[in-house]
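First the structure, in the form of structure tokens, and then the observations on it.
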Number of protein chains: 4
Amino acid sequence: MAKVSQAHLDARRRSILDAAAKVFAEKGVAAATMAEIAHEAGISPGAIYRYFPSKEDLARGCMEGSAEAVKAAWQHPEQVETDFRTLSRATFAELERSGADADTRLLLERALVAVRDADAALVEEFGAELQRIVRGVAFLLRRDFGARLEGLDVEALAQALYSFYWGARFVRLMAPDAVAPTRQLEALQALMEAAFSVADRESAGTER
Amino acid sequence: MAKVSQAHLDARRRSILDAAAKVFAEKGVAAATMAEIAHEAGISPGAIYRYFPSKEDLARGCMEGSAEAVKAAWQHPEQVETDFRTLSRATFAELERSGADADTRLLLERALVAVRDADAALVEEFGAELQRIVRGVAFLLRRDFGARLEGLDVEALAQALYSFYWGARFVRLMAPDAVAPTRQLEALQALMEAAFSVADRESAGTER
Amino acid sequence: MAKVSQAHLDARRRSILDAAAKVFAEKGVAAATMAEIAHEAGISPGAIYRYFPSKEDLARGCMEGSAEAVKAAWQHPEQVETDFRTLSRATFAELERSGADADTRLLLERALVAVRDADAALVEEFGAELQRIVRGVAFLLRRDFGARLEGLDVEALAQALYSFYWGARFVRLMAPDAVAPTRQLEALQALMEAAFSVADRESAGTER
Amino acid sequence: MAKVSQAHLDARRRSILDAAAKVFAEKGVAAATMAEIAHEAGISPGAIYRYFPSKEDLARGCMEGSAEAVKAAWQHPEQVETDFRTLSRATFAELERSGADADTRLLLERALVAVRDADAALVEEFGAELQRIVRGVAFLLRRDFGARLEGLDVEALAQALYSFYWGARFVRLMAPDAVAPTRQLEALQALMEAAFSVADRESAGTER
DNA sequence: CATGAATGAGTTTTCATTCAT
DNA sequence: TATGAATGAAAACTCATTCAT
């Protein structure tokens, strides 16, 4: 079986990650066994170790790739041809796709592990990403709503929206039958529009 | 050493639960060992089994009691002398107290376990509580803001606020240096007030 | 099985060490399995870990106790009521006792491991002991034979005798049917006496 | 790639043996891995199995060939133009060459393995070689020192010298900073000469 | 012939649970 | 009742060996 193509190796690596993600999401990282992951991936337990040096590394590997276009868009909103409403909707639509819940499980697990082990790197990364995204949210809010945000703590609002996103993910995971994330988002956006139209009116009044 | 009082037994049970909650929050249920919990509780490993038949049961036991006054208030708002703003603030203030993060960890862990094991009872309980609280939030919103909610999806808004609460908990756990939950809440409330004042104006205008 | 007496624990620890020493000597540290040692000691594999944190520690534990009165005597010859001949004989007589070969195996194994892993501590210890013993040998040589050592490199001679001791151990292990260590020692001592009587004669001649 | 010359095959076999000897000496047989040996030999793990059916066989193969000119000289002293002093010195000089310690490790390992597995063949071989060499030593002692050995147990002395040789090897391995083997040998030879000069004197006195 | 990916049995170690004291 | 030593069933991981390419 020598001299297998790189593509084949990559595919196998991928299949191990997929199998692991599935099993981890199902049972949690701690309860999942390498044997089960191997079985799921259709290989022998030993083979995994040619691709990942340890269970922990495998878990880390699973946690990484869930990066997405959406995430990037929030972090660099100036480079993207979009607006707050659209991007928000795309972000929440993502949560409705199949597999989103499994990702959420994995991400929560990852988060817990990071906090527990005081895994500085992971925690830091989370914090850094948070900051970038919150900054992106604030940027879009200001660009899209401008002066109408007058008197509002935009930073805090952006952070609140970020929190809301995670909460929606979590709640959806726990209670799929509750109000859907997208509908929650609609409600919030309606609220925001109502609030901003006040500003419009007021400034209109001022102009008069 | 015979015939120990029931009170004593209950106290010991309680102390085991406290110890377990602490260790579970620190290390996670899977990584926590009975020996460590026993040590934390100041008893021997074997003694735990007089009170809980298994580690799993102990974990379940930990997961139950995190009920609080605030929670009750949201679930039965009609019985409580309070209003939305006040109760919200009290709720978020709770998140700033020391120990709140440990609770969050435990709750997240609990949630993950419940989802994984398809622990119908726990999931159901979470869902039921969610429903009661969201209903309570909606009740308070309507009572406090009444007609000004015109045109808004109050159910969805209540649900969004509930999501926001969980997200704020989670984010605070992961990134204690981010914008504080209470400040996030202030921002949202400012937004709500702005939105509702529109309604006031409009209705005022209509009356004219 | 709680509250077992310290004596019992010590005895168990001892029995584990004995079992381990036996198995290690038979199979070598690497090839020996904890399961086999446990079986030999009449306990379960897990129980060993209450007494020794790892296989390596167990091996180290086996290697330690082979300290002996004889060794101490060589290292502190001034404190002991003995002479070179007597102590040499006692030392080599030790090699003929049953179990000596097993000790030799263990010591060689220990030595190889130490050298391989560049286990500084162990190597250093060996070197330090060597120095102390060689110094002791030289001390006794000088005290017992005094001026008759004139012209000899006593340090080197002492070191040579130390080497001889180890070589005799090793050869006996490998070829039990070869000339016995004690007889080898006799031959060397005869040689020494012959050499020293020369000195006597010469000094006698000088006096004339 | 068909029909490779026998010479090529032999060379490859040789290179595998060399690589294995190096790795075995460094890590010990048990800890050495076929992968590492293969890497050291510059081939693939699988290829080794074309030349040696198993790791054990490979180890055995390594253990065989450490024969040397010096060894041969001791075993057949009558065929060699040399004397005890010269040959001794040559023998001990060998110990100072670089690589001697690696050989010693391997030999000790070999010895331990042989004793452990009760590998009759290897043990027997060691014993037989020992006997031949001790006989050779005794032969040279008698030839070189003749009557002056009167009263000495020459067999035992020869055996003692053989033991000394091994001990010196071992000690040098463990404590390179101790007195050098050659200096030890000098001391012993000085002792022998002193002893033998007695005999000279005595016989001289008798003649008078 | 060589390669090196894959296998899978075997090893150390952990820890929930039991039970003699 | 409490203790804590002991159990023994996993689980992660290693590596000699095989065999498709």
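What you are looking at is a predicted structure, and each value in this text was computed from that prediction instead of being measured. Lettering of chains follows the sequences in order, A, B, ..., and the numbering in each one begins at 1. All heavy atoms count here, side chains included; hydrogens, waters and symmetry mates do not.
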(Q) Which is more 5' along DNA chain F, the nucleotide nearest A/A31 or the one nearest B/R50? Just name the residue. (A) B/R50

Q | Whole-Å distance separating the NE2 atom of D/H8 from the P atom of E/dA2 | A | 7 Å

Q: Mind calculating the distance between CD1 (B/I16) and P (F/dT1) to the nearest angstrom?
A: 13 Å

Q. Closest approach of B/F24 and B/A59, non-hydrogen atoms and distance?
A. CE1-CA, 3.5 Å

Q. To the nearest angstrom, how far is B/E36 atom CD from F/dG4 atom P?
A. 17 Å

Q | Given DNA chain E, 5'-ward residue of the pair C/E56 and D/P45, judged by closest heavy atom | A | D/P45

Q. Is B/A32 touching bases, backbone alone, or none of the nucleic acid, heavy atoms closer than 4.0 Å?
A. sugar-phosphate

**Q.** Salt-bridge criterion met for A/E109 and A/R105 (N-O under 4.0 Å)
**A.** no

(Q) Quick check on DNA chain E: between C/M34 and C/A47, whose nearest nucleotide comes earlier from the 5' end? (A) C/M34

Q. B/I43 CD1 to F/dT3 P: how many Å, rounded?
A. 7 Å

(Q) Looking at E/dC1, I'd like to know if its phosphate oxygens (OP1 or OP2) sit under 4.0 Å from a side-chain N or O belonging to D/Y49. (A) no

**Q.** Crowding at NZ, C/K55 (>12 non-hydrogen neighbours, <6.0 Å)
**A.** yes

Q: Return no unless some side-chain N or O of B/R12 is found under 4.0 Å from OP1 or OP2 of F/dA2.
A: yes

Q) Could you give the CD1-to-P distance, from D/I37 to F/dT17, as a whole number of Å? A) 11 Å

Q) Between D/H39 (NE2) and E/dT3 (C1'), how many Å, whole number? A) 15 Å

Q: Calculate the interatomic distance between A/I48 atom CD1 and E/dG8 atom C1'; express it in whole Å.
A: 13 Å

(Q) Quick test of your reading of the model: are A/D10 and A/R14 salt-bridged, counting only N-O distances below 4.0 Å? (A) no

**Q.** CG-CG distance between C/D101 and C/L106, expressed to the nearest 0.5 angstrom
**A.** 12.0 Å

Q) Within the structure shown, what part of the strands sits under 4.0 Å from B/F52 by heavy-atom distance: base, sugar-phosphate, or nothing? A) nothing

Q | Side-chain N,O (D/S44) to OP1/OP2 (E/dT3) below 4.0 Å | A | yes

Q) C/D57 has an atom CG; how far is it from atom P of E/dT13, in whole Å? A) 9 Å

Q.
Taking pairing as Watson-Crick or G-U wobble with both contacts under 3.5 Å, can you name the mate of E/dA2, or confirm there isn't one?
A. F/dT21

Q.
Return whichever of B/G46 or D/S54 has its heavy-atom-nearest nucleotide of DNA chain F closer to the 5' end.
A. B/G46

